[in-house]
Amino acid sequence: DGKMIRWEWAENPNRLTAKLEMTGHGEAIVQLLPSLDGETVISASRDRTVRCWDLVIGLERGEFSGHTEGVLAVGWLPMPDGSLGLLSLG
């Protein structure tokens with residue numbers, strides 16, 4: 001359905017509660033790639049886009065397009081200057 005839901009344990013440890021619902025993709029999400037700090041996640045979708053999400057507030061931080069078919073995988077790419085880039089596979 002193209003949405004992501006962040007679930008958290010409720011006071012009852014046997015039950016999860018939906019905390020944030022993030023929508024934006026037009027088709028199914030096929031992969032998620034969280035950042036090491038847990039605040040950001042990258043999603044790859046059949047809608048031919050990669051999106052970056054803020055997991056703390058539940059907002060989309062960016063959309064990357066360019067694939068002519070669905071995106072199958074994403075990965076972090078360490079750059080020579082110490083920053084992180086992103087790879088996507090369609």
Side-chain angles (χ1 to χ4, degrees):
D1 63 1
K3 72 177 147 186
M4 220 178 355
I5 301 173
R6 189 185 87 193
W7 300 85
E8 294 182 8
W9 292 108
E11 290 181 21
N12 176 346
N14 297 321
R15 184 169 176 222
L16 287 168
T17 303
K19 292 293 182 178
L20 289 174
E21 186 173 301
M22 294 159 272
T23 59
H25 283 293
E27 294 187 37
I29 297 168
V30 297
Q31 187 190 15
L32 295 175
L33 179 67
S35 62
L36 293 176
D37 64 10
E39 293 183 1
T40 303
V41 68
I42 304 297
S43 57
S45 173
R46 291 183 183 157
D47 70 0
R48 303 184 307 259
T49 66
V50 172
R51 294 174 191 252
C52 179
W53 305 89
D54 183 314
L55 287 177
V56 176
I57 57 175
L59 294 178
E60 183 181 314
R61 294 173 61 187
E63 175 185 340
F64 311 98
S65 58
H67 286 277
T68 57
E69 294 189 24
V71 183
L72 304 174
V74 289
W76 295 113
L77 176 66
M79 304 302 286
D81 65 2
S83 65
L84 282 177
L86 189 67
L87 289 173
S88 59
L89 171 67

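Atom-to-atom distance recorded for Arg46:CZ and His25:NE2 is 12.5 Å, nearest 0.5 angstrom. A distance of 10.5 Å separates OG of Ser45 from CG of Leu72, quoted to the nearest 0.5 Å. The CH2 atom of Trp9 sits 13.0 Å away from atom NZ of Lys19, with the distance rounded to the nearest 0.5 Å. Distance CH2/Trp76 to CD1/Ile42: 4.0 Å, rounded to 0.5 Å.
For the residue pair His67 and Ser88, the shortest heavy atom distance occurs at NE2-OG, 2.7 Å. Here the closest heavy-atom approach between residue Thr49 and residue Glu63 is recorded as CG2-OE2, 3.4 Å. Here the closest heavy-atom approach between residue Met4 and residue Trp53 is recorded as CE-CD1, 3.2 Å. The two residues Asp47 and Gly24 come nearest to each other via the heavy atoms OD2-O, 4.5 Å. Across all non-hydrogen atoms, the minimal contact from Ile5 to Ala18 is CG2-CB, 3.7 Å. Between Lys3 and Thr23, the shortest heavy-atom contact is CB-CG2, 3.6 Å.
A heavy-atom distance below 4.5 Å is not found between the side chains of Thr17 and Glu8.
In terms of the side chain to side chain contact (heavy atoms under 4.5 Å, CB included) criterion, Leu36 has no residue partners (sequence neighbours excluded). Taking the side chain to side chain contact (heavy atoms under 4.5 Å, CB included) definition, one finds that Leu55 meets it with Met22, Val41, sequence neighbours left out. A search for side chain to side chain donor-acceptor pair (under 3.5 Å) contacts involving Ser83 returns Asp81, not counting sequence neighbours.
By the criterion of side-chain heavy atoms lying less than 4.5 angstrom apart, applied directly or through intervening Ile, Leu, Val, Met, Phe, Trp or Tyr residues, Leu86 is grouped together with Val71 in one hydrophobic cluster. One hydrophobic cluster holds both Phe64 and Val74 under the rule that ILVMFWY side chains link at heavy-atom gaps under 4.5 Å. Cluster annotation: Leu77 and Val50 are assigned to distinct hydrophobic clusters (Ile/Leu/Val/Met/Phe/Trp/Tyr, side-chain heavy-atom contacts under 4.5 Å, transitive).
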